[in-house]
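Letters go in sequence order (proteins before strands), and every chain restarts at 1.
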Amino acid sequence: MEIKRPKIKSIPYEEFKDNDTLEAMIAQINKERTNVLLGKLDDLINWGRSNSLWSLTFATSCCGIEFMSVGAARYDFARFGFEVTRNSPRQADLIMCAGTITHKMAPVLKRLYDQMAEPKYVVAVGGCAISGGPFKDSYHVLNGIDKIIPVDVYIPGCPPRPEAILYGMMQLQRKVKIEKFLGGKNAHQNRKEIPDEPIIVTNYPTGEDKKE
Amino acid sequence: MTEMEVKFIELDEFRNAMQRERERGMDFLREIVGMDWGEEGLGAIYILENSNTRENTEIGVRTTEREKPQIPTVSDIWQVAELYEREVFDFFGIEFTGHHDLRRLFLRNDWVGHPLRKDYDASETLNPVRLESEPAEEFQREYDIQDDKEMAKIVEKLKILHYDQFIINIGPQHPATHGVLHFHLALEGEEVRKVDIRCGYIHRGIEKMCESRTYPQILPFCDRLDYLSAHQNRHAVCMCIEKALGLELTDRTQYIRTIMDELQRIDSHLLMYSCMAMDMGAITGFIYGFREREKILDIMEEVTGGRLIQNYYVIGGVQADITANFARKVKEYCNDQKMRIKEYYDLFVNNVIFRNRSIGVGVLTREDAISFGATGGTGRASGWACDVRKRYPYAMYDKVEFKEILHTDGDCYARLLVRLEEILESIHIIEQLIDNIPEGEYKVKTKPIIKLPEGRFSASVEGTRGEFGVFIESHGDKSPYRLKFRPTGLPLIAAAHKIMKRCKIADLITIGASLDYVIPDIDR
Amino acid sequence: MKFEDTYIGTVFYTAKSLLTGLKVTLKEFFTRKVTEQYPENRKTLQISERHRARLVMPHDAEGNNRCIACGLCSMACPNGTISITTKSVTDEESGKSKKVLVEYSYDLGSCMFCQLCVNACPKNAIEFSNEFENAVFDRRKLVLRLNR
Amino acid sequence: MIDFSSIVTAVDCFLESAMPHQLAIVVKCILAAVCALVAYLSFAILMIYMERKVCASFQCRLGPTRVGKWGLLQVFSDVFKMIIKEIIEIKDSDRILYNLAPFLVVMSSIITFSCLPFARGLQVLDFNIGIFFIMAASSFGILGILLAGWSSSNKFSMIGAMRSGGQMISYELSMGLSILTLVVLSGTMQISEITEMQTKGWFIFRGHIPAVIAFIIYLIAGNAETNRAPFDLPEAESELTAGFHTEYSGMGFGFFYVAEFMNMFIIAGIATTIFLGGWAPLYIPGLEGFNHAMCYIPGSIWFIGKTLFIVWVLMWIRWTFPRLRIDQVLVLEWKFLVPIGLINLLIMTICVVMGWTF
């Protein structure tokens, strides 16, 4: 059965960003066809998974405060069913990496990720988690968590506003909805442990070689 | 106290001189600035204050030895120096003889080199990203002075924690540490026997990065130090640079800055109340606090364009003028907030469970508060009048009327009360200013390239959780030679070491929440 | 000894303080909720004009921008988020050579939204927009080309 | 009022006539177990949904709205996810006990659940020491929690388990005392009989002051028994990450999660049964017309309605108060609840002996 385009309430498919990456993933999965019955079951499981993404409370800096705002009354991610933030990595479905990851923190993050039970997802929130952001030429900052763990969704911003975090979560829902759990490889198992080196704009200012 | 006169003292005389300073009443060690003057050697500048007379002295000491630089410790004179010296040791490799626990404070144990030295080798090969945890240090390292005073030697004698005790790690990833702090605890039942607080999990090397940035480029980093007092941090840096340049600000700028500072203070104190409620298990209290906080964020966002990180103050003024309905919104908000505060008292503060959990827990005496340099709400809850707005008035603070909230109990309950009462005081300040914002420019023109004259400058403001200071040593370039922030949180952590002993695990969380530290500000 | 410190007093005081707390939450139970329903209210959502969510380069109807490829923005940037590729074009009439923008590359994933680039721009060729829906699946998608 | 015992008897007769006696018993057991399990699960789902919505309302937010109409399907999606979640084998854990612990907790709550009288005759277990049995069955859930904490080889779990041991065993006492107070009033331990007696007035009214005090003590102790805030020390999110179930993933955790909510329902159900008249409708002596009208509402609706109301009160308490500290929990029990409960028992006995009850 073909995997269809994932639907999200209130936002039409066309208005989402980065649909081509998603379509590439769908095409990849559709190469290995499965039968209809399993496909239906898959839909059900994906529906369950995508609406019950419990995140690990993991915040290192500013973005964490915005994540708290998302949980508070005004934005209320309970509407999506995400409100059960678990403090134990065993029970969490996704790690929302909100904040800078430093050299000292990197092993901790890696270990937390390894401690989580499959299926697990990673969302990189904010510039620091995506690329090191403001501190990317610091001696003690990891330039993007995708160097140590695979990232599913990137939410840019410094920090991203709560709506942007919700939008990112919906993007993740879309990604979860196209996965295959039965009869066919899980998109997660297809994933390489450490993804390709991301493109990074290399133009560090040094302070000396600038025009006066 | 912009331009600094540093009195340099010979290494041999140093300890005696410091002891004399302490004896004549200089009881508040504001900061220790580690320095690398290249040819002139490594050293440190100690900024001292008399907490009664507000007299300041700056004392410098240096050593030309680069391989094994050694300076006598002052950690037995001022308790906070214990952590400050560990920081200097971490960044500059200066060994403090007589310090009883000289480990790295921020960086990993196996880190190569001392990053803030000018000759630091930052290559990836020396310090790659390691995915294995750092080797645990079991012993405290003490640099002891031998009788012949020739060479200090490392003595490893005291075990940090004994492994026959029940040891747990709270953090680095733990819901109650407000970020990434690591409490290494030895327990006896529910009781904490010994605490070893480890920081550095969010050490981003901002001070080093500032040395290669132009002055306007430094400002964005300030917001990200203590992101809950982004405005105040920026205020301190702008003020320091403006004073060094001799810029006169317009009245309008000063009004806007004062109002914004106070809004930020309310924001941060609300968050402190909320997080305290959450840590104590009253999640509803947390949500109510955040509900009101969102209104401040809305006002801030409309004016500055940012919710948390505002990037608003610039050198010579502010980024953009206030919007037309700013005054109306702020007044509406203030009226609303005054009513809501009562709700917090009813729901959480006066609740008997909370009172029993916080009254008499984690008592910090006034002497300890000064010795630890625990400024801000924590210091004021212990009865130390340490408000920079009163001590060294800046912006509009000498022209408005407000009360410095003081409590004398020094326990967790007093620390929360101080914050809640300060919210009302901040509203009072805002109400005095909001209707009288004078017309005028919101920004004065500055040169496109900003260069500070040669010298050492400092400025401090009352951040939301204590005195936030900036120290700049300029050699006349467009970037500072050395820039040091006085973290508001590090003294609190130092104090936490002491007051967390012999408490229960639950009290540890209460104390942590009431001290109200923000980790990125401690680690920088 | 105050009444509150006696055994019976403690019970009464406790009950009173707990009931006050319960009253607050009960009142809230019946008041209107403050939640904004983000994806449902997309059409009506008001984001502050000054909010900085991504850098854009406005183009006029013919697709021209005001960028003169001076590079001030990329120099003002504290962490190298902007990189500009230029080429020299010789103006046929005057014979002077002039820098022209080829590609204005902006890394949304590492931008810190400090506004230094916008302040530095002499021609107001770039500005921040408040369009915040930027989350993507692929890191490379965050490196944007701003000019057309 | 419908008497479900006639239906049960009819089914019983049919089975006995259709097959041999032994087989009939087996079939009856299976039927009862299936009914109890289905009811258990549906109530669990209802409880979780209710908790989320009620909690949201107390916190001035909306709660689940996007999965299904009004978020009705939210819990189902959680269930699907939990079932397929990976179960992690913990190194150095005690495998058998580790896997057994969640079942113990769920088992104890199912057994207790089956004692609840949903309507006249609609009850799985009913015998002459019913109350006694409920208390015994519910307290072996502690064993599950203790084992979970012990076998996970995690220090946080260990502390959580120890806390829960200390707390739950203590509170068992005052719970027993407050139930005993009502047993004194009713003079029987059989649940069906207790409820039957209350068709002529609920015990909380008939026993007046001592019954109300017993009710309050029961609610506090019951709240502590279920490990819910302000007594959620064994899990204490901000202190022990997730307490005794830190190391459980997937359905292992799911069982603890479900059992927590169902225990709350059971505590409320028992409170309903012995204080608020179970399925008995509201009875006011002297208002015959009113009493008659009340009887038209089916008993199961009375029972579930009253139970859900108490559950709501428990949620209200949970979402209002901060957590206690372990020493305060014990002080509350040993210095306040137990002495007050004992005196209350005495008062009740005097009242019953002197005939001062209604």
Most contact-rich option vs chain C, by heavy-atom pairs under 4.5 angstrom, among A:F135, A:F80, A:Y167, is A:Y167
Between the CD atom in C:E133 and the CE atom in A:M170, the distance rounded to the nearest 0.5 Å is 7.0 Å
task: Please indicate whether C:E49 has more than 12 foreign heavy atoms, meaning atoms of other residues, nucleotides or ligands, lying under 6.0 Å from its CD.
output: no
Whatever's closer than 4.5 Å to a heavy atom in chain C on A:R161 counts as side chain
State whether the number of non-hydrogen atoms from other residues, nucleotides or ligands found under 6.0 Å of C:R66 atom CZ is greater than 12. yes
Notebook entry, point to check: Is any side-chain heavy atom of C:K33 closer than 4.5 Å to a side-chain heavy atom of A:D76?
Noted result: no
Bottom line for C:R52: the part with an atom under 4.5 Å from chain A's heavy atoms is neither
**Request:** Find out whether A:R79 and C:T35 are in side-chain contact, i.e. whether some heavy atom of one side chain is under 4.5 Å from a heavy atom of the other.
**Result:** yes
Exercise for review: Decide side chain to side chain contact (heavy atoms under 4.5 Å, CB included) for C:R139 and A:V151; before the verdict, give the C-alpha distance in whole Å, the side-chain angles of both, and the deciding distance to 0.1 Å.
Suggested key: CA-CA 9 Å; C:R139 169 77 179 88; A:V151 178; over 6 Å; no
Bottom line for A:M169: the part with an atom under 4.5 Å from chain C's heavy atoms is neither
Looking at A:D137, is its backbone amide N or carbonyl O close enough to the side chain of C:N79 to form a donor-acceptor pair, meaning the two atoms are under 3.5 Å apart? no
C:G109 and A:S131 have their tightest heavy-atom pair at O-OG, 3.1 Å
To the nearest 0.5 Å, atom CG of C:L142 lies from atom CD1 of A:I155 at 10.5 Å
Highest number of heavy-atom pairs under 4.5 Å with chain C among A:G132, A:G127, A:P134 belongs to A:P134
All heavy atoms of A:G168 vs all of C:A135, minimum pair found to be CA-CB, 3.6 Å
Heavy atoms of A:K136 and C:G80 approach each other most closely as NZ-O, 3.8 Å
Cut-off 4.5 Å, heavy atoms of chain A, and the answer for C:L72 is neither
Any side-chain heavy-atom pair of A:R174 and C:F137 under 4.5 Å:
yes
